[in-house]
Amino acid sequence: MLVLAVDTATPAVTAGLVRVDDRGEPGTAGIETLAVRVTDNPRAHAEVLTPQILECLSSTGHTPADLDAVVVGVGPGPFTGLRVGMATAAAFGDALGVPVHGVCSLDAIAADVRGADGAGSVACGDGAGSVACGDGAGSVACGDGAGDLLVVTDARRREVYWARYSGGARIEGPGVCRPADLKAEPSQRIAGSRPHVGLFELPAHPVATPSPAGLVAVAAADLLAGVEPEPLVPLYLRRPDAVETADRKKK
């Protein structure tokens, strides 16, 4: 199964082409990253996402018609960037007649951490400019367990989006708050936005943003089972900045 994966919930604009297959064991899937493009620019989501998708397809000798499904990160993330990725994913799905699965972007980061702990790293691109990687390098097993993990990403306004995981499952969140109001315990380590993981006294994992393989890992079971995806619903967790500014001016 050939899957397009995109995420614009963080400053990194991420697109990738991933192959997923059933390994014949309950709860496991083989995931192979074929191509990845990442641009770290919070103001460039609309400009670079579609070109990145087309680059991933062309570099692997595929066309949009070869896609079997689309997976997109639905946040939490800032309003403007997040809607670019979701609208683009929905447009590809509608034009090609393929299902579009939305996944929590924080869950994808947690899946990347599990992948790195288990059968090798699934994270490609470290957020430094435009990155091309994952040219057929290895496959990754999903469903590996992991210790207690806290994932944080930049929510702006000096806040973070966060979720907490234990044994590979999300047990709290997603939420948004100031770092000072988020307890590190009982998590044993942390992953996510590099400027923010350093605010917590926890060992930091290098995964900073969702990779295409991580996004697909979250949706793998539904993809392979042919489950009809739920409607795409963005996880904004709060109102857009423009609305908040307008409300303040009225007071």
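Computed from a prediction, not measured in an experiment: that's the story for all the values here. Just so it is clear, the values below take in all heavy atoms, side chains as well, and ignore hydrogens, waters and symmetry mates.
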Mind listing the side-chain donor-acceptor pairs of residues 216-235 below 3.5 Å, one per line with the distance, residues two or more places apart or on another chain?
none

With a cut-off of 3.5 Å and sequence neighbours excluded, list every side-chain donor-acceptor pair involving residues 66-88.
residue	atom	partner	partner atom	Å
Asp66	OD2	His62	ND1	3.3
Asp66	OD2	Thr63	N	2.9
Asp68	OD2	Leu2	N	2.8
Thr88	OG1	Val84	O	2.8

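Proximity of a side-chain donor or acceptor of Arg238 to a complementary backbone N or O of Val176 within less than 3.5 Å is not detected. A donor-acceptor distance shorter than 3.5 angstrom exists from the side chain of Thr10 to the backbone of Ala12, with no hydrogens or angles considered. Between the side chain of Glu55 and the backbone N or O of Arg37, no donor-acceptor pair lies under 3.5 Å.
Closest approach of Ala35 to Thr60, counting heavy atoms only: CB-CG2, 3.7 Å. Nearest heavy atoms, Leu182 versus Cys177: CB-SG, 3.8 Å. When every heavy atom of Leu215 is checked against every heavy atom of Ala5, the shortest pair comes out as CD1-CB, 4.1 Å. The minimum heavy-atom distance linking Val100 with Gly93 is given by the pair CG2-CA, 3.6 Å. The minimum heavy-atom distance linking Ala213 with Val18 is given by the pair N-CG2, 4.1 Å.
For the atom pair CD of Glu47 and CD of Gln52, the computed distance is 11.5 Å after rounding to the nearest 0.5 Å. Here the straight-line distance linking atom CZ of Arg194 with atom OG1 of Thr153 works out to 13.5 Å at 0.5 Å rounding. Note that the CD1 atom of Ile190 and the CH2 atom of Trp162 stand 11.5 Å from one another [nearest 0.5 Å]. How far CZ of Arg156 is from OH of Tyr161: 8.0 Å, rounded to the nearest 0.5 Å. To the nearest 0.5 angstrom, Leu149 atom CG is 9.5 Å from Gln188 atom CD.
Under the 4.5 Å side-chain heavy-atom criterion for grouping Ile, Leu, Val, Met, Phe, Trp and Tyr, Ile53 is connected to Leu17 within one hydrophobic cluster. The same ILVMFWY cluster, assembled from side-chain heavy atoms under 4.5 Å apart, contains both Leu34 and Val98. Both Val3 and Ile31 belong to a common hydrophobic cluster when Ile, Leu, Val, Met, Phe, Trp and Tyr are linked at side-chain heavy-atom distances under 4.5 angstrom. Tracing side-chain contacts under 4.5 Å through hydrophobic residues (I, L, V, M, F, W, Y), one never reaches Ile109 starting from Val160; they form parts of separate clusters. Follow the hydrophobic side-chain contacts under 4.5 Å out from Val207 and you reach Leu106 in the same cluster.
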Show, in sequence, the C-alpha distance, side-chain angles and deciding distance for Val48 and Asn41, and conclude whether the side-chain contact (heavy atoms from CB on, under 4.5 Å) test is met. CA-CA 9 Å; Val48 304; Asn41 187 341; over 6 Å; no
Working for side-chain contact (heavy atoms from CB on, under 4.5 Å), residues Leu202 and Ser187: CA-CA 8 Å; Leu202 290 171; Ser187 299; 4.1 Å; yes
Decide side-chain contact (heavy atoms from CB on, under 4.5 Å) for Phe200 and Val152; before the verdict, give the C-alpha distance in whole Å, the side-chain angles of both, and the deciding distance to 0.1 Å. CA-CA 10 Å; Phe200 299 84; Val152 296; 4.3 Å; yes
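Screening residues 171-182 for salt bridge (charged side-chain N to carboxylate O under 4.0 Å, His left out) gives Arg164-Glu172, Arg178-Asp181 as the qualifying pairs, with residues at least two apart or on separate chains. Residue pairs meeting the salt bridge (charged side-chain N to carboxylate O under 4.0 Å, His left out) criterion with at least one partner in residues 87-109, sequence neighbours excluded, are Asp107-Arg170.
Scored by the side-chain hydrogen bond (donor to acceptor under 3.5 Å, both in side chains) test, Ser105 finds Asp7 as partners (sequence neighbours excluded). A search for side-chain hydrogen bond (donor to acceptor under 3.5 Å, both in side chains) contacts involving His205 returns nothing, not counting sequence neighbours.
Under 3.5 Å, the side chains of Asp154 and Ser193 contain no donor-acceptor pair of N or O atoms. Ser166 and Asp148 form a side-chain donor-acceptor contact under 3.5 Å, judged by distance and modelled atom types alone.
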